[in-house]
Amino acid sequence: MQPENLLHQIHLPTQKCTVGCPLLDRCLGGGIPCNSITELVAENGTGKTQFCLQLVLYAQLPPSRGGLSASSLYIHTEYPFPFRRLRQLSRAFPLLPTPDHPVADPCDRVFVQGVYTADELVDALPKIELFLIHSKSRFPLRVIVIDSIAALFRSDFDNTGLDLRRRSSLFFKIAGGLKSLAKRFGLAVVVTNQVVDLIEGGNGNGVRVGNLGVLYSSGRRVAPALGLAWANCVNSRLFLSRHDDGADVDGSCSKSRRRISVVFAPHLPHSSSEFVITTEGVFGR
Amino acid sequence: MEVGMLPISASKRGKLLAAGYTSLRSISRASASQLATDIEVSEDEACEILKYASQTSALDRSIGNSNTSNLYGGQTAWTMLNEEKFNTRITTSCVDLDNILGGGITCKEVTELGGVPGIGKTQIGIQLAVNVQIPLEYGGLGGKAIYIDTEGSFMVERVLQIAEACIEDMPEYSHHFHNNVQDCEVKMHPNSILENIFYFRVCSYTEQIALVNYLDKFIEEHKDVKIIIIDSVTFHFRQDFDDMALRTRLLNEMALKLMKLARKFCLAVVLLNQVTTKYIEGSYQLTLALGDSWSHSCTNRIILFWNGDERHAYIDKSPSLKSASAAYSVTTRGIRNSNSSCKRIKMV
C-alpha cells in the first residue's frame with residue numbers, strides 16, 4: 001500500500017462534469033464532482049429528473065467544454081423512463097461531430113437500465129463493474145445516475161427495528177459499492193432522493209443535517225427521505241425546492257420559482273441559485 | 001528524549017536538538033556562551049536553559065535513585081506528569097475549541113470526533129492534517145499527516161484552500177506563542193503541505209484493517225508523521241456485518257493498534273465517526289455509531305452538534321479535560337472561531 005501523491009492531483013484537480021449551465025456550474029464549484037456520490041433531494045416535479053437527463057447529455061462534451069467525453073448509465077426505478085424528454089433535450093444539445101461518426105446521436109451514449117428493488121440494484125453493481133472493465137469505447141462510462149434511490153426503499157421495508165437495520169445495512173452496501181466503483185473508474189455518481197413531510201412535534205426526521213436548518217418546498221416543511229443513515233452515505237447533498245406563486249389559481253400558467261441549494265458538500269460553501277426549466281433544459285438565473 | 005523535559009519553547013528545543021544537544025548531561029557540560037553561540041540565543045537565555053537543565057537532571061537523579069527496583073518500562077506517575085507537560089498539541093485553528101481542549105488535539109492519544117453529516121467532520125480532519133505541519137518556529141509540530149479516507153470526501157481543492165489560508169495566518173500563530181521569529185522566516189508552499197499529507201483511500205473494511213496493520217511499518221519509515229486521521233472509521237463497518245460480535249472484535253483490535261501507534265510514535269490519532277439514532281427509554285436519541293463497546297475504545301470523545309445556526313463541539317469523554325462546549329464555524333479559510341456575538345463557553 002502506498003499513499004497517493006496529492007501533488008499529482010493539483011495539476012489534475014477533482015474532475016467535474018458540467019450540468020449544462022454556467023450559472024449552475026458556478027454554484028456547484030464547476031459541476032458534479034467525480035469520485036464521489038452527489039445526492040439531489042427534491043419533492044416531485046421540482047426538476048430532479050430534468051437535471052439528471054441534462055447531465056447525461058452534457059457529460060459527452062469534451063473536457064475543454066466542461067464535460068467528461070463520457071457516456072452514462074441511467075438507472076431508473078420509477079416508470080416510465082422519460083425517453084421523449086431526453087429526445088427533446090438532445091435536440092437542444094450541441095451535436096458533436098466526431099471523425100468516425102459525423103453526426104453522432106447523443107442519445108446513443110446514454111445507457112438505460114430499469115431496477116425495481118434494492119436487491120436488484122445490489123446485483124447490478126458487479127455487472128456494472130464488468131462492463132466498466134471491458135468497455136473499450138472512446139466514450140467510456142463515467143456517469144451513473146440512479147433516479148430515484150428512495151423509490152427502492154419506500155415499499156419493501158416495515159417500520160420495525162429488524163427491517164430498519166436491514167435497510168440501513170443495504171444503504172451502506174450500495175453506497176460502498178458505488179463509491180468503490182467511483183474511485184476505481186473516476187465516475188461521477190448522482191442519486192436522487194425524495195422528501196417526506198415533517199409533521200410538527202413528530203420525532204425521528206427532525207435532526208438537523210447540513211447548512212439549511214429547515215428545508216421548505218411548496219410552503220411545506222420537508223426532510224429528505226431515508227433518514228440519517230442514508231445521509232451518512234452520500235458525499236454531497238443538493239436540495240432543489242420550489243415555491244409556487246399563488247397568484248394563478250387556475251393552474252393554467254402557474255409560475256414556480258425553483259432554487260438549488262448546497263445542503264452539505266466537502267468542497268463547497270453554502271450557496272444557492274435560482275433556476276428555471278424550459279423546453280431546452282435546466283438553466284440558472 | 002531528555003531535552004523534551006526542559007520547560008522551554010519548542011523552537012529552542014528544536015535548536016538544541018539540531019545543534020546536537022540531545023541529553024541533559026551534554027547541555028550541562030557546555031558553558032553559557034558556548035551554548036548561546038551554538039543555538040543562536042542570547043547568553044541570558046542560554047543561562048536559563050542551563051539552569052533548567054541542572055534542575056531537571058537533579059530531579060531525574062532523585063527519581064532514578066528511588067526507583068531502581070522498577071520493572072523495565074515502568075514509569076512513575078511523577079515522570080509521566082512531567083512528560084505530559086511537554087505533550088504537544090495540534091491546534092484546530094479555532095481558539096475557542098483549542099481552549100476547551102487545552103490547546104488542541106493531544107498527541108499520544110486517540111480522539112474521536114462525531115457528528116451529523118455536514119457538521120464539518122471532514123473539514124476538521126483536513127484542517128488538522130494541514131495544521132500539524134505548522135513549523136516548530138511558529139509553535140507547531142512541523143510534522144506530517146496520514147489521512148485515511150474511507151468515504152471519498154477528501155477534496156484536494158479544499159485542502160489547497162485551507163493550506164493557503166493557513167500559510168497566510170502563520171505569523172499570527174507565532175504571535176500566540178510569543179516567539180521571536182523575525183529572523184527565521186519559514187517559507188512554506190501550499191504544494192509542500194499537500195506533499196506532506198500521506199493520503200490513502202480505502203474501499204472496504206478489510207483494506208482498512210490491513211492499512212492500520214501496515215501503518216506501524218510505514219511510520220517507522222516516515223518518523224515525522226505526527227497525526228493519523230481516519231475519515232470515517234465507521235463507513236465500512238456499517239455494511240455487511242451479520243455477525244456483530246465479529247465487528248466488535250475487529251473494531252476493538254483496530255482501536256488498540258491505533259492506541260499503540262499513538263504511544264509509540266508520539267502522534268495524535270483522530271477518528272471521525274458518524275451518528276445514528278438509538279432507542280432509549282421510549283424515544284429515539286442521537287448517539288455516535290458503532291455501539292456501546294466502541295465508546296470505550298477512544299481516549300477522548302468529542303461530539304459535534306448544531307445549536308441553532310451555530311456549530312458546537314462538546315467534550316463528551318476525556319480523562320483530563322472537563323466537559324465543556326465551544327462554538328466553531330466552518331469558513332472558506334477553514335475552521336475558525338464562531339463569528340456570532342455570543343462567544344461564551346458554556347459549562348455543562
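Chain A is the first sequence line, chain B the second, and so forth, proteins listed ahead of strands; every chain is numbered from 1. Here the structure is a predicted model, which is why all the values come from computation and not from measurement. Worth knowing before you read on, the calculation uses all heavy atoms, side chains too, and leaves out hydrogens, waters and symmetry mates.
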Show me the donor-acceptor pairs, under 3.5 Å and distance only, between side chains in residues 264-273 of chain A and residues at least two apart or in other chains.
unit_1   : atom_1 : unit_2   : atom_2 : d
A:His270 : ND1    : A:Val262 : O      : 3.3
A:Ser271 : OG     : A:Cys27  : O      : 3.3
A:Ser272 : OG     : A:Arg259 : NH1    : 2.6

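Contact detail for A:Lys16 and B:Glu157: the closest heavy-atom pair is NZ-OE1, 3.0 Å.
The only member of A:Lys183, A:Lys179, A:Arg184 that meets side-chain contact (heavy atoms from CB on, under 4.5 Å) when paired with B:Cys203 is A:Lys183. For the pairing with B:Pro117, the side-chain contact (heavy atoms from CB on, under 4.5 Å) check across A:Val263, A:Val234, A:Leu228 returns one residue only, A:Leu228.
Taking 4.5 Å as the heavy-atom cut-off, the residues of residues 209-223 of chain B that approach chain A are B:Ala210, B:Leu211, B:Tyr214, B:Phe218, ordered by number.
Contact count against chain A (heavy-atom pairs under 4.5 Å) is highest for B:Val275 among B:Val275, B:Val159, B:Thr332. Put simply, of B:Ser232, B:Ser153, B:Gly152, the one with the most heavy-atom pairs under 4.5 Å next to chain A is B:Ser153.
With a threshold of 4.5 angstrom between heavy atoms, B:Gln285 does not approach chain A through any atom at all. For a residue to count as touching a neighbouring chain, one of its non-hydrogen atoms must lie under 4.5 Å from one of that chain's; by this rule A:Ala182 does not touch chain B. Heavy atoms of A:Asn232 lying under 4.5 Å from chain B belong to its backbone as well as its side chain. For chain A, the nearby part of B:Gln123 is the side chain; its heavy atoms alone come within less than 4.5 Å. Only the side chain of B:Leu286 has a heavy atom closer than 4.5 Å to any heavy atom of chain A.
Distance check: A:Asn35 CG to B:Arg201 CZ gives 8.0 Å after rounding to the nearest 0.5 Å. Note that OG of A:Ser169 and CZ of B:Arg238 are 10.0 Å apart. Values are rounded to the nearest 0.5 Å. A:Asn235 CG to B:Met155 CE: the interatomic distance, rounded to the nearest 0.5 Å, is 6.5 Å. Atoms CE and CZ, from B:Met244 and A:Arg165 in turn, are 6.0 Å apart once rounded to the nearest 0.5 Å. Rounded to the nearest 0.5 Å, atoms CD (B:Gln274) and SG (A:Cys233) are 7.0 Å apart.
Other residues, nucleotides and ligands place no more than 12 heavy atoms under 6.0 Å from the CZ atom of A:Arg26.
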